[in-house]
Amino acid sequence: MWSCEDFNYTDNTEDQQLCHDFHLVLFVFSLFYLIICFPTGLCYNVQLVLVNLYNKATMTMPDVYFVNMAIAGLIINAVAPVYFLGPAYTKWSLLNFGNEVYITLLILFNVSSLVIMYSTTLLSLDYYIECALPRTYMSSVYNTKHVCGFVWGGAVLTSFSSLLFYICNHVSTKIIECSKMQNREAADAIMVLIGYVVPVLAVTYALVLILQIRKEAMPLDQDTGRLDPSVHRLLIATVCTQFLLWTPYYVTLMVKTFTNVKSNDLIYIRTFNFIEGLANFLAFSSSCVIPLLHRNINKNFHSKLQRLLKKLHCGNQGCSHESTVVRQVMT
């Protein structure tokens, strides 16, 4: 819990003021997320999912990955209010470190973060496959849906191993099995390695291959590419934004894992906690930023949204011109 009571026993008023300033800044960021980012992310993530589910026939490989990122964003949106109303940002003791609610929310957050990072990574790799081998349909919607299923399963399994470390870190030491696993740093190390290091290496490799293909100007790219040209801009924007927002979170997690933050210097502890709070805010804000990027860059999204709105307006009977439009799309 964020508290400046430790500084009340010191004569340094500057340290007290700095602690209160840090707390005030985090409180302002929490209000900004709850008032602006939370409803925006909720609205646009739900919109992204519904639009693509309604237009299943016209879904492309990137759409599948963005739907998965939107579902993970909705989970992060559900976790965010409880987190930002917790003791890290406010003086309310809604969450205490080590209780069951905190561990449950942490696991949901870890699963969603893994899904987001690996969906971004696989989007980069599949885009390279699509550019290199457009006629093979290796990156088809059918295959992508199965891949995304494995992504969710792998994220749950990875978070389950971390869950064991977190649980054993808070149970009684009399349990022999858990007494050997009371190491929270091990759970954080797993998340840093699998949730950040591996995706960074894979995305870097995919982007290098994509740049090589675009420089070579392969003949297959000129007339048989099935992806919209705006997908390349969307890919670059998504990759850069995701890693820009998630890197501070994993860096602070890495610092806690491999260094000793339990210092006697209260200023150092409060400064690190402040940086960690800002890093968490950036990570949570990805659930709001990514659907906005998708909506503004993807040229096909607006037409799909209009078809969904017309369907909702016309009802189950359908509009008079809808049948002809569907036949044109299918042909």
Under 3.5 Å, side chain of [X] to main-chain N/O of [Y], donor-acceptor pair present?
X    : Y    : result
S124 : T120 : yes
T241 : T238 : no
N296 : L292 : yes

Among [options], which residue meets the side chain to side chain contact (heavy atoms under 4.5 Å, CB included) test with [X]?
X    : options              : answer
Y54  : R307, K304, M59      : R307
V239 : L123, V203, T204     : V203
R295 : V51, I290, L48, L305 : L305

Just how far is it from atom [atom1] of [X] to atom [atom2] of [Y], taken to the nearest 0.5 Å?
X    : Y    : atom1 : atom2 : value
L282 : L244 : CG    : CG    : 7.5 Å
L26  : N273 : CG    : CG    : 9.0 Å
I107 : S112 : CD1   : OG    : 11.0 Å

Original post:
If every non-hydrogen atom of A70 is compared with every non-hydrogen atom of N45, which pair is closest and at what distance?
Top reply: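 Taking A70 first and N45 second, the nearest heavy atoms are CA-OD1, 3.4 Å.
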
**OP:** Indicate whether the side chain of S113 and that of N110 have a donor and an acceptor atom separated by less than 3.5 Å.
**Re:**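 No, because no side-chain N or O of S113 sits under 3.5 Å from a partner of the opposite role on N110.
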
Original post:
Between the side chains of Y83 and S30, does any donor sit under 3.5 Å from an acceptor?
Top reply: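 Looking only at side-chain atoms, S30 and Y83 do not form any donor-acceptor pair under 3.5 Å.
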
Original post:
Looking at W246 versus F109, is the centre-to-centre ring distance below 6.0 Å?
Top reply: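 Close enough - the centres of the two rings lie under 6.0 Å apart.
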
Original post:
Do F84 and F284 make the cut of ring centroids closer than 6.0 angstrom?
Top reply: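 When the ring centroids of F84 and F284 are compared, they turn out to be within the sub-6.0 Å range.
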
